[in-house]
Structure formats: structure tokens, C-alpha cells
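One structure is given here, and the rest of the page talks about it.
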Amino acid sequence: MKKYDEILIGSGPAAYKMANLLAQTDHQVLVIEGFEYGGTCPNYGCEPKIFLEGAARTVLQSQQLLGHGISQPATLDWKTLMQTKLNRFDPWPNETREIIKKSHDIEDGYAKFIDNQTVEVNGHQYQADHIIIATGQTPNVLDIPGKEYLHTSYDVLSLKELPKRITVIGAGFVGLELATLVAAAGAEVTIIVHSERVLREFTKAEDEALVAAMKQRGIKFSFNTNTQKVTQEKDGLVVTTDHGEVKTDYILDATGRRPNIAKLSLENTAIKYDRHGIQVDGNLMTTVDGVYAIGDVVSRKEPKLTPVAEFEGQYLVDYLLGKTKQTITYPTIGQAAFTYPEVARVGVNADEVVNDSQYQVKTFPLKFSSLYAGQNDQISSLTLVFKDQQLVGASEVGDYAADDINNFLPIIGLAIDGAEYRQKLMAIYPTLGDKVGSLLP
Ligand SMILES: Cc1cc2nc3c(=O)[nH]c(=O)nc-3n(C[C@H](O)[C@H](O)[C@H](O)COP(=O)(O)OP(=O)(O)OC[C@H]3O[C@@H](n4cnc5c(N)ncnc54)[C@H](O)[C@@H]3O)c2cc1C
């Protein structure tokens with residue numbers, strides 16, 4: 001049986017980071033990938049999503065400026081847009097595979113554990129000093145009658161023809177972002193939400209502003225609604241809920257993502273996991289010595305995002321090479337939904353501390369600034385949270401919320417106060433950045 005220094009199971013951002021760093025060492029490494037090399041983010045996640053969002057944003061911005069100097073709003077040709085997406089992204093998995101293969105051994109197939117130390121793929125068994133599970137998450141599929149008619153984000157991001165009526169079940173990041181995209185392209189969209197709110201990571205006011213803007217563009221929401229079944233009828237699909245029926249042509253099941261562990265045969269090991277993923281200690285080691293987990297497959301409170309997955313990949317290489325003995329400490333993490341308007345946040349959520357006298361919450365409408373007025377953006381609003389005069393939280397709903405909130409990450413992460421900021425930094429004018437100095441006490 002061949003023995004390696006490291007076996008990486010998966011090749012998404014977490015494992016790819018490790019593979020790149022280990023390529024600079026003399027370690028013998030095996031990378032095992034069961035599907036598309038590069039994983040979710042570059043192939044069927046963040047990257048194609050933001051690529052498609054470019055054209056959708058242009059359409060939505062032109063609609064917003066109708067009567068404000070724009071007389072003819074842009075329209076989106078889905079087929080052409082999708083072809084440009086496929087041209088760009090289709091070669092990526094193979095290119096990534098070739099890059100990894102230059103430095104490491106690879107196996108194309110799904111890995112499973114035979115016991116605590118042994119992994120099997122394509123009938124070959126392997127052992128290593130360190131086995132790293134980096135298998136990410138996979139979309140949840142509702143277990144209801146007619147589930148064969150449900151599609152995932154993977155399908156939508158490669159959809160060649162745009163259906164007339166699209167129903168989205170679930171209003172998390174993926175559901176709202178993809179609903180924004182297909183609605184901008186001209187589909188009639190209904191979103192079924194099982195609770196009374198969308199993105200709970202944001203303030204109630206922010207998610208209400210987002211929902212109001214989406215509704216204004218004709219997107220329908222059905223809150224507090226549970227989906228019961230899907231049936232095929234002669235003029236399309238019917239989604240039956242506890243609040244009536246929705247007639248539709250296509251259904252995106254965006255009810256969440258779960259740890260991608262089904263194929264690993266963890267029952268052959270002592271590796272423990274829960275519904276959020278594999279349990280690890282402060283060094284990312286699982287409950288089995290020498291077996292680690294990184295990226296989305298880990299059970300942790302930090303959000304499941306590409307930079308977090310890469311950070312864990314970097315940490316684990318440093319730890320295994322003896323460059324650090326510390327337990328992992330996560331940096332200040334920013335988060336956004338690329339809807340229209342966007343919502344973005346970092347640090348303390350204002351709603352959670354609004355009645356706590358230790359904190360001060362301030363909200364600033366942005367529509368008075370020429371930058372936002374020039375977009376006819378009427379709803380942009382920035383909320384800042386301070387504790388002892390120090391900024392500890394920032395969130396925004398607005399056309400450029402993701403970029404805007406990036407301005408606040410260093411202030412919170414490096415604990416910079418207003419005086420230091422104004423003394424040392426002068427941001428580009430006129431952007432949100434140039435206002436930051438005057439917003440800090
Ligand atoms: C639609 C969508 C949009 C997103 N947008 C953003 C965004 O804007 N910003 C952001 O930061 N994050 C975003 N994410 C999340 C981001 O994609 C993930 O956080 C990131 O890909 C996690 O990386 P990972 O390496 O942990 O897992 P993945 O990228 O999921 O990679 C895991 C790999 O393991 C492979 N695998 C699974 N089981 C096995 C097995 N048994 N054997 C061998 N291989 C196996 C899989 O095939 C996959 O290639 C988005 C996700 C989705 C779905």
C-alpha cells in the first residue's frame with residue numbers, strides 16, 4: 001500500500017490552497033477529487049455567480065435609472081450570457097487538475113475510509129501521516145413527493161434556456177442571489193420562505209429593505225410557507241404548499257447546504273460529526289489522530305465561505321510544517337449577499353445589541369450622497385455599531401454594500417480608532433471610503 005505525507009480528499013479552495021503550499025515542499029501528496037477539480041467556488045459557486053451577476057446588475061441599474069437620464073432599460077439575453085459563461089468556465093476543472101498533477105499524485109474518484117488510517121479510491125488503498133478531509137458541502141434536497149423536479153444552484157448556473165416561471169424554495173444567500181439573477185433576465189419569480197424573514201445574519205430593517213426592493217421589481221414572496229409536494233401537470237409544474245399552489249416551469253431548491261460526507265464511509269472510523277459538519281479541535285484535527293478537516297465540511301460557527309476555507313488550508317499547512325503551534329484564530333470576516341441591492345456586514349449585528357447600553361447604534365441613509373443619488377439608489381443605508389467609542393460592527397443595504405463594508409474590516413479587525421484613522425488614511429473621494437473618517441468618533 002502506498003503511503004504519503006498528506007492525502008487531500010477534495011480539491012476545492014480549502015484543499016487547493018494546501019496543494020499549492022505543499023507543492024513548495026518535498027512532501028509526497030495525493031489529491032483525490034470525485035467531481036470537478038477546483039470544487040464549488042470556481043465551478044458552480046462564487047465565480048460563475050459573480051460573472052453572471054455583472055450583466056444582471058447592468059440591467060437592474062438601468063431599470064433603476066429609468067426617467068433619470070436613461071430612456072431605454074437594458075435587457076438580458078440569457079442564452080448569449082450563458083454561452084459566455086460556459087466558454088469561460090468549462091475548461092477550468094481540467095486546467096485545475098493539470099496544475100495539481102504537475103506537483104502531486106491524483107486520483108479521479110470518490111474516497112472512502114476503510115478504517116481510521118486507510119482511504120480507498122478506485123479500488124486502491126492509501127495511508128498517510130496526515131489525511132485531510134476537504135469535501136465541502138452539497139445542496140440539500142427537500143424530501144417531498146415530486147423531488148425529482150427540483151433543481152440545485154449547480155443546475156441554475158448552467159441553465160441554457162431561461163424558463164418563463166421560476167420558483168425558488170428557500171431565501172438564504174444562494175436562493176436570493178439566484179432569484180435576483182433570473183428575475184433580472186426576465187423570469188417571473190416566486191420565492192417560498194418557510195419563516196417570516198430572509199437572511200437572519202442581517203438586521204431586520206436591512207432584510208425588509210431588500211425584500212421590498214425585490215417585490216417592487218415583481219418578485220413574489222410567500223412567507224411562513226412550507227412546501228409539500230411537486231406535481232407535473234400538462235401546462236407545467238405545480239408546487240403545493242400549506243398556503244396554496246404555485247404554477248411554475250422550473251424549481252430551484254435552495255433550502256440550504258449540508259456537509260458533503262455521505263461518500264466518506266465515516267462509519268468505518270471514529271470521526272465524529274454533527275449536522276453542521278465534522279467536529280475538529282483548535283488545530284482542525286478530527287476525533288481521529290492524524291485526520292484533519294478543513295473548509296465548508298467543518299462544523300464551526302464561522303460562515304462557510306471561500307476565504308475561510310483557504311485560511312484553514314493555510315493554517316493547517318503552517319501547523320503541519322511546524323511553523324505554528326497556536327490553535328487557529330479566525331480573522332474579522334466580512335459577508336455579503338450579491339442581491340440587488342446588495343447586503344453586507346461585518347462584526348456585531350446591531351439588532352442584537354440595540355437595547356444594550358454598552359453599545360451605540362447609528363444608522364445613516366446614503367441617498368443624500370451624490371454617489372448614491374447618481375444611481376437613483378433611494379434605500380441605501382449604513383448601520384454602525386460602537387462600543388467604548390470603537391467601531392465593532394457595520395452593515396449596509398445598498399447597490400455597493402459589499403465594497404462599502406470592506407472599508408470597515410480593517411477598522412474593526414485592527415481596532416483602529418477615529419483619530420488614528422483620520423491621521424493615517426485618506427480614502428479616494430467621492431466614495432463611501434472618504435466618509436469613513438467623519439463617521440468615526
Ligand atoms: C451558489 C454558491 C455561491 C457561493 N458564493 C460565495 C461567495 O460569493 N463568496 C464566498 O466566499 N463563498 C461563496 N460560496 C461558498 C463557497 O463556494 C465555499 O465556501 C467554498 O467552495 C468551500 O470550499 P471547500 O474547499 O471547503 O469545499 P468545495 O469547494 O465544496 O470543494 C469540495 C470538493 O470535494 C469533492 N468531494 C466531495 N466528497 C468527496 C470524496 N468523498 N472524495 C473525493 N472528493 C470529494 C467535491 O467534489 C468538491 O470538489 C458559494 C457557494 C455556492 C453554492
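Order of listing sets the numbers, starting from 1, for every ligand and every atom in it.
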Problem set entry | Selected option - heavy-atom contact closest to atom 17 (O) of ligand 1, from A254, C41, G12 | C41

For this session: Look at atom CG of D274 and say whether more than 12 heavy atoms of other residues, nucleotides or ligands are closer to it than 6.0 Å.
Result: yes

Problem set entry | Atom indices of ligand 1 within 4.0 angstrom of L264 heavy atoms, with elements | 41 (N)

Exercise. Which of these, E47, M18, E33, K49, has its nearest heavy atom closest to atom 8 (O) of ligand 1?
Worked result: K49

Exercise. Is E312 close to Y330 at the side-chain level, that is, under 4.5 Å between some pair of heavy atoms?
Worked result: yes

Exercise. Going by heavy atoms, is G109 under 4.0 Å from ligand 1?
Worked result: yes

Exercise. Does the pair E342 and R57 meet the rule for a salt bridge (charged side-chain N to carboxylate O under 4.0 Å, His left out), with working shown?
Worked result: CA-CA 10 Å; E342 295 176 347; R57 173 184 279 269; 2.5 Å; yes

Problem set entry | Which of the ligand 1 atoms, numbered from 1, are nearer than 4.0 Å to a heavy atom of E36 | 49 (O)

Problem set entry | Side-chain (R217) to main-chain (Y340) donor-acceptor, under 3.5 angstrom | yes

Exercise. Which ligand 1 atoms does G295 reach within 4.0 Å, using its non-hydrogen atoms?
Worked result: 26 (O)

Exercise. Under 4.0 Å from any heavy atom of F35, which atoms of ligand 1 are there?
Worked result: 47 (O)

Exercise. Does the side chain of L81 reach to within under 4.5 Å of the side chain of D77, using non-hydrogen atoms?
Worked result: no

Exercise. Should V182 and W78 count as side-chain neighbours, where that means a heavy-atom distance under 4.5 Å?
Worked result: yes

Problem set entry | ligand 1 versus A336: contacting region, heavy-atom distance under 4.0 Å | neither

Exercise. Relative to the heavy atoms of I9, which atoms of ligand 1 are at a distance of less than 4.0 Å?
Worked result: 40 (C), 42 (N), 43 (C)

Exercise. For atom 13 (C) of ligand 1, which candidate among G45, C46, G34 holds the nearest heavy atom?
Worked result: C46

Problem set entry | Protein heavy atom at shortest distance from atom 40 (C) of ligand 1 | Y110 CD2, 3.4 Å

Exercise. Which residue supplies the protein heavy atom nearest to atom 29 (O) of ligand 1, what is that atom called, and how far is it?
Worked result: T40 N, 2.9 Å

Exercise. In terms of the angle between their ring planes, are F51 and F89 parallel, tilted or perpendicular, with boundaries placed at 30° and 60°?
Worked result: perpendicular

Problem set entry | Contact check, side chains of E396 and L366, non-hydrogen atoms, under 4.5 Å | yes

Exercise. Is any side-chain heavy atom of R257 less than 4.5 Å from a side-chain heavy atom of K304?
Worked result: no

For this session: May I ask whether K112 places a heavy atom under 4.0 Å from ligand 1?
Result: no

For this session: List the closest protein heavy-atom neighbour of atom 20 (C) of ligand 1: residue, atom name, distance to the nearest 0.1 Å.
Result: T306 OG1, 3.6 Å

Exercise. Please state which protein non-hydrogen atom is closest to atom 24 (P) of ligand 1 and give its distance, to 0.1 Å?
Worked result: P13 CD, 3.9 Å

Exercise. For atom 15 (C) of ligand 1, which protein heavy atom lies nearest, and how many Å away is it?
Worked result: K304 O, 3.9 Å

Exercise. Is any N or O atom of D296, backbone or side chain, closer than 3.5 Å to an N or O atom of ligand 1?
Worked result: yes

Seminar exercise, completed: Per-atom filter on ligand 1: closer than 4.0 angstrom to a heavy atom of G39 are 29 (O), 31 (O), 48 (C), 49 (O)

Problem set entry | Main-chain N/O of N224 paired to S195 side chain as donor or acceptor, under 3.5 Å | no

Exercise. Using 30° and 60° as the class limits, which term best fits the ring planes of Y44 and Y154: parallel, tilted or perpendicular?
Worked result: perpendicular

Problem set entry | Side chains of F113 and I271 in contact at under 4.5 Å (non-hydrogen atoms) | yes

Exercise. Tell me, do T324 and Y315 make a side-chain contact under 4.5 Å, heavy atoms counted?
Worked result: yes

Seminar exercise, completed: So the atoms of ligand 1 within less than 4.0 Å of a heavy atom of P307 turn out to be 11 (O)

Problem set entry | atom 27 (O) of ligand 1 - nearest protein heavy atom and its distance | G136 CA, 3.3 Å

Problem set entry | Under-4.0 Å heavy-atom contact with ligand 1, by part of V308 that carries it | neither

Seminar exercise, completed: In this structure, atom 41 (N) of ligand 1 is nearest to the protein heavy atom A111 O, 3.1 Å

Exercise. For Q216, does the CD atom have more than 12 heavy-atom neighbours from other residues, nucleotides or ligands under 6.0 Å away?
Worked result: no

Exercise. What's the shortest distance from atom 25 (O) of ligand 1 to any protein heavy atom, and which residue and atom give it?
Worked result: A14 N, 3.0 Å

Exercise. In terms of atom number and element, which parts of ligand 1 are under 4.0 angstrom from non-hydrogen atoms of A134?
Worked result: 32 (C), 33 (C), 34 (O)

